[in-house]
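Working notes for the structure below.
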Amino acid sequence: MPELPEVETVRRGLQPVLEGARLVGVEARRPDLRFPFPENFSARLTGKTITALGRRAKYLTIHVEGGPVLICHLGMSGSFRIETPDGSEIPGVFHHERSKSAAHDHVVFDVVSAGGARSRVIFNDPRRFGFMLFAEGTPDTHPMLAGLGVEPTGNTLDGVLLASLLEGRRSPLKAALLDQRLIAGLGNIYVSEALWRAGLSPLRESGTIAKAGKKAAAQSERLAGAIRSVIADAIAAGGSSLRDYVQTDGSLGYFQHSFAVYDREGEPCSTPGCGGHIERIVQSGRSTFYCRTCQR
DNA sequence: AGCAAAACCTGGCGGC
DNA sequence: TGCCGCCAGGTTTTGC
């Protein structure tokens, strides 16, 4: 499920427990997820202190002292949960209720914080599309991350940059925005949401909003702004759920969102004065939700 | 080259 | 209740 905002929320949730903590035990309970675990997975991490938790697109990076960087991807169904020996709550972090199926607890990290508190961080992934790999130096040059496009966070992605990315492309906007080599971190939900906010059809040929001209420039500017805002809003929502609520399923990052179009087939479009209805179509084998009345 | 489908897995849900 | 087909928020590989 996780797209960039969910991964960022997971990162923030794990940070207070993992950063500065020492890994006293690391266990992979099966040989592989999507890919085999790295050679000496446990041995290379055990005993190390975690210096930082990072994120690039939908990848989580766990940096350890003098060691490899652990690159984690949650795939479609991966999640982390945190357990403490006494079940006490960790400030700023979800307290787990009851895990669904321990059968899919694939990786267990036992950590001791600088203050001596022990906790256990567990990676659960029923579908096993997730994976964990080592980067020996900076993760940016790892094959998995090297080709990624611009982050939709911050202000880097503006109309001019987006126009240059879309220029000459014949594919529909939906496909282009899902392409991690162009913009890194958008997934099926936030692409639908961003296109709705921008008033652009997911079927629209990408190159047509990148051509020179006033109208195209305005559209690429609007789309860039919509992408940035939808991501920023979702991260803010994750952050607030992290602060204020206990997760219903005890996992990090699966907070409740309210989407304008995603999974709202048949409902009235919420654009003021639009009067249209949300449709579900299939593009590249995946669901797209949009309003044909206000998205052109 | 570029784009669309298939493949990788399991679980949940609606329909019968 | 049970079985069956379909669907799922990601990425890589295959095929056109």
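Quick note on labels: first sequence line is chain A, next is B, and so on, each numbered from 1. Any value given below was found using the heavy atoms of this structure, including those in side chains, with hydrogens, waters and symmetry copies removed.
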Item to check | d(CG, A:Leu60; P, C:dT11) in whole Å | outcome: 14 Å
Checklist entry - CZ of A:Arg29: more than 12 outside heavy atoms within 6.0 angstrom? => result yes
Next on the checklist: By the 4.0 Å heavy-atom rule, please label A:Arg280 as base, sugar-phosphate, or nothing.
Outcome noted: sugar-phosphate
Checklist entry - Would you call A:Phe129 stacked on B:dC8, i.e. ring centres under 5.5 Å apart with the planes less than 30° off parallel? => result yes
Checklist entry - Under a 4.5 Å side-chain heavy-atom rule over Ile, Leu, Val, Met, Phe, Trp and Tyr, are A:Ile231 and A:Val191 clustered together? => result yes
Next on the checklist: Strictly below 4.0 Å: does A:Ser287 bring a side-chain N or O up to OP1 or OP2 of C:dA8?
Outcome noted: yes
Next on the checklist: Classify A:Pro143 by what it touches in the nucleic acid, base, sugar-phosphate, or nothing, heavy-atom distance under 4.0 Å.
Outcome noted: nothing
Checklist entry - Any side-chain N or O of A:Ser171 under 4.0 Å from OP1/OP2 of B:dC3? => result yes
Item to check | For A:Tyr59, the rest of its hydrophobic cluster, which grows through side-chain links under 4.5 angstrom | outcome: A:Phe35, A:Ile71, A:Phe131, A:Leu133, A:Met144, A:Leu145, A:Leu148
Checklist entry - Side chain of A:Glu3: nearest nucleotide among B:dC3, B:dA4, C:dG10? => result C:dG10
Checklist outcome for this item: Contacts of A:Glu279 meeting salt bridge (charged side-chain N to carboxylate O under 4.0 Å, His left out) (sequence neighbours excluded), chain-then-number -> A:Arg292
Checklist outcome for this item: Checking C:dA8, B:dA4, C:dT12 against the side chain of A:Met144 (C-beta onward), the nearest is C:dT12
Checklist outcome for this item: Applying the Watson-Crick and G-U criteria (both distances under 3.5 angstrom) with [ ] for crossing and | for other-strand pairs, one obtains for DNA chain C .|||||||.|||||||
Item to check | Short side-chain to backbone donor-acceptor contact, A:Glu221 and A:Asp158, under 3.5 Å | outcome: no
Item to check | Euclidean distance, atom NE2 of residue A:His142 to atom P of C:dT12 [Å, nearest integer] | outcome: 11 Å
Checklist entry - A:Phe35 has an atom CZ; how far is it from atom P of C:dT13, in whole Å? => result 7 Å
Next on the checklist: From the set B:dA4, C:dA8, C:dT11, return the single nucleotide nearest to any side-chain atom of A:Tyr59.
Outcome noted: C:dT11
Checklist entry - Just how far, in rounded Å, is P of C:dT12 from CG of A:Leu33? => result 15 Å
Checklist outcome for this item: Of the candidates B:dC3, C:dT11, B:dC9, the side chain of A:His73 sits closest to C:dT11
Item to check | P atoms of B:dC9 and C:dC3, separation to the nearest Å | outcome: 24 Å
Item to check | Under-3.5 Å donor-acceptor pair between A:Arg128 side chain and B:dC9 base | outcome: no
Checklist entry - How many Å lie between CD on A:Glu205 and P on B:dA4, as a whole number? => result 11 Å
Checklist entry - When you check the phosphate oxygens OP1 and OP2 of C:dG9, does a side-chain N or O of A:Tyr190 lie under 4.0 Å from one of them? => result no
Item to check | Nearest-Å distance once atom P is located in both B:dA1 and C:dT11 | outcome: 23 Å
Item to check | Atom-pair distance (CD1 on A:Ile189; P on C:dA8), nearest Å | outcome: 11 Å
Checklist entry - Closer than 4.0 Å, any side-chain N/O of A:Arg286 to the OP1 or OP2 of C:dG10? => result yes
Checklist outcome for this item: Taken to the nearest whole Å, CG/A:Asn124 to C1'/B:dC9 is 14 Å
Item to check | N-O pairing of A:Arg12 and A:Glu8 below 4.0 Å | outcome: yes
Checklist entry - Taking OP1 and OP2 of C:dT12, is either one under 4.0 Å from a side-chain nitrogen or oxygen of A:Arg34? => result no
Checklist entry - Would A:Val7 and A:Ile122 show up in the same hydrophobic cluster when neighbours are defined by side-chain heavy atoms closer than 4.5 Å? => result no
Next on the checklist: Between C1' on C:dG10 and CD1 on A:Ile71, what's the gap in Å once rounded to a whole number?
Outcome noted: 16 Å
Next on the checklist: Would a single hydrophobic cluster contain both A:Leu177 and A:Val150, if residues Ile, Leu, Val, Met, Phe, Trp and Tyr are joined by side-chain heavy-atom contacts under 4.5 Å?
Outcome noted: yes
Next on the checklist: Does A:Gln180 reach a base, just sugar-phosphate, or nothing at all? Heavy atoms under 4.0 Å.
Outcome noted: sugar-phosphate
Item to check | Side-chain N,O (A:His104) to OP1/OP2 (B:dG11) below 4.0 Å | outcome: yes
Checklist entry - Any idea how A:Phe37 and A:Phe41 line up, ring-wise: parallel (<30°), tilted (30 to 60°), or perpendicular (>60°)? => result tilted
